[in-house]
Amino acid sequence: MTLEEIHGQQPMPAGNDWMQGAGMALHELLVSAQRRGCLTAGVYESAKLMNVDPDNVAFCVLAADQEDEGDIALQIHFTLIQAFCCENDIDIVRVTDVAKLAAIVGPSEDSGEPRDLHCILITNPNEEGWKDPALEKLNLFCEESRNVNDWVPTITLPE
């Protein structure tokens, strides 16, 4: 008998297909959210938004490259953001390639400068009827990950 059978949980689908599907869904969600103006990038900007209007946050992405792993201040911010997301039932994932993320999201629209992509929030737009299938797929992915005690799953973005 497996642990999933004991607790009545379904095991996560095996293989890279599930992970690639999540990566594609995240790519689609980021593009869609940016087009709709529902994307907030930056650790400090995200923290401000979560403090002011946590009910408006639909999804959180934390991104760090290998060299960022030694940045203690960034890791503390990540820990606080993760705790806040867990407390407010906000799904959260990690991405380990900031360069791929930058290629999807691009520079700041205001200044054209590269922006801080260590934390990205997807917010609910003013439109009540916005149901993004990519967001629903990622929510399911996060739920399945939690079923196997992976509270902040890592997603690999597609090439």
Side-chain angles (χ1 to χ4, degrees), residues 4 9-65 68 74 77-110 114-159:
E4 288 85 11
Q9 300 170 343
Q10 297 297 318
M12 277 185 66
N16 272 349
D17 291 343
W18 182 248
M19 191 61 73
Q20 284 179 329
M24 289 298 295
L26 180 58
H27 183 277
E28 292 169 17
L29 179 63
L30 291 169
V31 170
S32 174
Q34 186 166 13
R35 194 176 323 116
R36 292 180 177 275
C38 303
L39 188 138
T40 301
V43 172
Y44 295 111
E45 292 81 2
S46 297
K48 282 189 253 180
L49 177 65
M50 285 192 286
N51 188 41
V52 173
D53 192 9
D55 294 333
N56 198 33
V57 178
F59 199 78
C60 179
V61 178
L62 297 178
D65 285 329
D68 293 326
L74 184 61
H77 286 292
F78 281 3
T79 301
L80 293 172
I81 290 169
Q82 288 173 27
F84 188 88
C85 287
C86 288
E87 189 173 305
N88 288 283
D89 296 322
I90 300 168
D91 286 327
I92 182 170
V93 296
R94 279 186 170 256
V95 173
T96 57
D97 195 339
V98 178
K100 281 184 188 176
L101 201 54
I104 296 168
V105 176
S108 173
E109 294 172 5
D110 299 335
R115 45 185 164 174
D116 173 17
L117 298 176
H118 289 108
C119 182
I120 296 177
L121 297 181
I122 309 298
T123 56
N124 291 316
N126 293 333
E127 309 160 22
E128 285 294 319
W130 186 56
K131 297 283 188 221
D132 193 307
L135 179 59
E136 291 175 15
K137 187 182 285 188
L138 285 167
N139 288 336
L140 179 62
F141 174 79
C142 288
E143 183 179 327
E144 291 292 325
S145 295
R146 284 190 298 273
N147 285 340
V148 293
N149 289 326
D150 186 5
W151 294 93
V152 183
T154 300
I155 291 181
T156 303
L157 291 168
E159 295 296 325

Gap between atom [atom2] of [Y] and atom [atom1] of [X] - 0.5 Å precision:
X: C119; Y: L49; atom1: SG; atom2: CG; answer: 9.5 Å
X: D91; Y: W151; atom1: CG; atom2: CH2; answer: 10.5 Å
X: L117; Y: D97; atom1: CG; atom2: CG; answer: 11.5 Å
X: S145; Y: L140; atom1: OG; atom2: CG; answer: 9.0 Å
X: Q82; Y: R94; atom1: CD; atom2: CZ; answer: 5.0 Å
X: R146; Y: C86; atom1: CZ; atom2: SG; answer: 8.0 Å

[X] vs [Y] side-chain heavy atoms within contact, under 4.5 Å:
X: V93; Y: C142; value: yes
X: L26; Y: L30; value: yes
X: H118; Y: L74; value: yes
X: I155; Y: L138; value: yes

The side-chain contact (heavy atoms from CB on, under 4.5 Å) partner of C38 among L121, T123, N124, N56 is T123

Paired with D65, the side-chain contact (heavy atoms from CB on, under 4.5 Å) test is passed by just one of V95, V98, L101, namely V98

Contact summary for [X] and [Y], nearest pair of heavy atoms:
X: M24; Y: P158; result: SD-CG, 3.3 Å
X: I92; Y: C85; result: CD1-SG, 4.1 Å
X: H77; Y: Y44; result: NE2-OH, 3.6 Å

Steps toward side-chain contact (heavy atoms from CB on, under 4.5 Å) verdict (I122, L29): CA-CA 8 Å; I122 309 298; L29 179 63; 4.0 Å; yes

Could you check whether any side-chain N or O of [X] sits under 3.5 Å from a backbone N or O of [Y], counting only pairs where one atom can act as donor and the other as acceptor?
X: Q34; Y: V105; result: yes
X: K100; Y: L157; result: yes
X: D132; Y: A134; result: yes

Can N139 and F59 be said to form a side-chain contact (heavy atoms from CB on, under 4.5 Å), step by step? CA-CA 8 Å; N139 288 336; F59 199 78; 4.0 Å; yes

Between E28 and V31, does a side-chain contact (heavy atoms from CB on, under 4.5 Å) hold up when you go through it step by step? CA-CA 5 Å; E28 292 169 17; V31 170; 6.0 Å; no

